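Here the structure is a predicted model, which is why all the values come from computation and not from measurement. Any value given below was found using the heavy atoms of this structure, including those in side chains, with hydrogens, waters and symmetry copies removed. For reference, positions follow the sequence shown, starting with 1.
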Amino acid sequence: MQYHYYLYGMRVTADLDFVQLDPVRLPEDDRDFGREKVRIRAMDEEEAQFRKEHGDCVCGSFLGTEKGWLCNRTLAMSVERGQVIRYHIRKGGDPGAVRTYLLGFGIAMLSLQQGKLPIHCSALATPEGGAILIAGESGAGKSTLTAELLKRGYRFLADDMAVVDISGKEGVWVYPAFPYMKLCRDVVLRQGYPPEELLYIDEKKDKFLVPCTGVFQREKARLERFVFLGIRWKKEAEDKSGKIKAEKITGPDSMIVYKDNLFLRHLWKKQDPGMEIWQNCLKIAEQIPVFWIRRPAAGDSTAEVAAEVHALRNVVSA
């Protein structure tokens with residue numbers, strides 16, 4: 001059976017069902033952002049055996065502009081020409097983990113082959129129609145901030161990974177992913193979601209898949225700013241005001257922020273990703289400003305951080 005979805009501005013045909021993806025509702029659904037056509041399909045037995053014999057399926061990874069692969073104890077996956085993702089589920093591989101790898105690492109590799117940048121962050125459309133990216137340190141409150149901004153009129157584009165297109169002449173664009181976000185249990189409870197009605201997806205990090213259908217934007221949005229969240233620990237603070245600190249990152253440091261938040265950055269420890277990717281990071285840094293916001297380690301400053309993020313629109317437009 002074949003399933004058809006919209007994902008990051010592409011029409012995806014897959015032989016697996018993905019409950020979180022936005023389905024194509026044919027024939028009445030004729031949205032014009034499915035120009036890129038992608039296939040996700042299982043390797044046949046002969047192809048999988050061939051890859052094992054020729055070394056493609058040893059544990060490891062390779063990122064190439066025409067072909068890439070990732071192999072671990074869960075699956076073997078190849079990505080080719082920015083069009084096809086093939087997978088082979090290893091013996092004992094968890095089906096849920098397989099889907100996570102395909103939508104994460106698989107789509108990230110595919111996006112790079114298309115000349116786009118997969119960034120490890122969430123993405124929101126602003127009330128004015130632009131888009132922002134939100135990344136940050138572990139525990140800085142990215143998910144909590146995202147949920148707060150959604151209450152303030154922002155629209156949901158992507159969680160965990162945003163795909164950014166810098167190839168056009170009319171700005172930098174962010175494409176919508178799917179209408180679900182992953183939240184830790186404490187955020188789920190704080191925001192009032194009933195855990196028993198959500199899909200539990202991550203035993204290691206205790207996360208749930210939370211639907212955002214009502215606030216999901218299905219059209220791409222022009223990127224305006226990138227916000228990186230941090231924490232002001234006491235030993236780092238120069239004063240005891242307890243206020244959040246916001247500053248604009250400029251020069252080469254802004255390019256480094258984009259580079260360090262690419263989704264596949266951990267796979268590049270043993271492989272140089274190539275000059276084209278660094279040039280794309282420089283290109284986006286020259287167009288889209290980066291802001292560093294640090295909140296106090298103690299207390300709940302979510303409302304103040306959200307207000308600061310929203311106020312940055314005035315800095316961008318000035």
Side-chain angles (χ1 to χ4, degrees), residues 6-10 21-22 31-36 107-108 111-112 114-136 140-182 212-229 246 248-249 254-255 257-259 261-263 280-293 305-318:
Y6 281 117
L7 180 64
Y8 295 118
M10 304 176 291
L21 293 191
D22 191 24
R31 277 175 279 169
D32 186 26
F33 62 91
R35 293 172 295 174
E36 305 261 17
I107 293 296
S111 298
L112 286 174
Q114 294 176 350
K116 301 171 184 174
L117 288 178
I119 299 177
H120 185 205
C121 64
S122 60
L124 299 176
T126 69
E128 296 79 18
I132 63 170
L133 305 181
I134 301 174
K142 299 182 292 293
S143 298
T144 304
L145 175 60
T146 296
E148 178 67 24
L149 289 172
L150 290 175
K151 292 180 179 179
R152 299 184 179 214
Y154 284 67
R155 304 282 293 176
F156 186 75
L157 286 170
D159 176 60
D160 199 42
M161 183 175 80
V163 172
V164 179
D165 187 357
I166 61 174
S167 63
K169 296 181 180 180
E170 299 180 354
V172 179
W173 295 88
V174 183
Y175 287 93
F178 44 85
Y180 284 84
M181 62 179 173
K182 292 180 285 186
C212 300
T213 307
V215 293
F216 182 58
Q217 176 165 307
R218 289 177 167 80
E219 295 77 31
K220 65 181 181 180
R222 189 194 300 267
L223 183 60
E224 294 180 344
R225 53 195 182 274
F226 185 169
V227 174
F228 186 87
L229 298 180
K248 185 176 181 180
I249 306 299
S254 62
M255 186 274 284
V257 172
Y258 282 102
K259 176 182 73 70
N261 285 280
L262 290 175
F263 193 83
N280 285 340
C281 288
L282 178 60
K283 184 177 179 181
I284 190 175
E286 290 174 341
Q287 299 180 64
I288 308 300
V290 178
F291 297 91
W292 184 25
I293 297 180
V305 174
E308 186 68 32
V309 170
H310 189 62
L312 291 176
R313 73 192 190 282
N314 299 321
V315 179
V316 174
S317 60

Q.
Checking Lys182 now: which residues fulfil salt bridge (Lys or Arg N to Asp or Glu O under 4.0 Å) with it, not counting sequence neighbours?
A. Asp160
Q: Please identify each residue that fulfils side-chain hydrogen bond (donor to acceptor under 3.5 Å, both in side chains) with Tyr154, with sequence neighbours left out.
A: His310
**Q.** For Phe226, ring-ring contact (aromatic ring centres under 6.0 Å, His included) partners two or more places apart
**A.** Tyr258
Q | For Arg152, side-chain hydrogen bond (donor to acceptor under 3.5 Å, both in side chains) partners two or more places apart | A | Glu148
Would you give me the side-chain donor-acceptor pairs under 3.5 Å for residues 282-289, sequence neighbours excluded?
| residue | atom | partner | partner atom | Å |
| --- | --- | --- | --- | --- |
| Lys283 | NZ | Ile166 | O | 3.1 |
| Gln287 | NE2 | Lys283 | O | 3.4 |

Q: Return yes if some donor-acceptor pair links the side-chain N/O of Arg155 with the main-chain N/O of Phe216 below 3.5 Å, else return no.
A: yes
Q: Could you pull out all residues at least two apart from Ser122 that satisfy side-chain hydrogen bond (donor to acceptor under 3.5 Å, both in side chains)?
A: Thr146
Q | Counterpart residues, salt bridge (Lys or Arg N to Asp or Glu O under 4.0 Å), relative to Glu170 (two or more places apart) | A | none
Q. Does Trp173 have any side-chain contact (heavy atoms from CB on, under 4.5 Å) partners at least two apart in sequence or in another chain, and if so, which?
A. Lys220, Arg222
Q: Could you give me the CA-CA distance, side-chain angles and deciding distance for Asn261 and Leu133, then say whether side chain to side chain contact (heavy atoms under 4.5 Å, CB included) is met?
A: CA-CA 11 Å; Asn261 285 280; Leu133 305 181; over 6 Å; no
Q: Quick one: list whatever passes ring-ring contact (aromatic ring centres under 6.0 Å, His included) with Phe263, sequence neighbours left out.
A: Phe105, His120
**Q.** Smallest separation among heavy atoms of Ala162 and Val174, with atom names
**A.** CB-CG1, 4.3 Å
Q) For Thr144, what residues pass the side-chain hydrogen bond (donor to acceptor under 3.5 Å, both in side chains) criterion, not counting sequence neighbours? A) Arg190
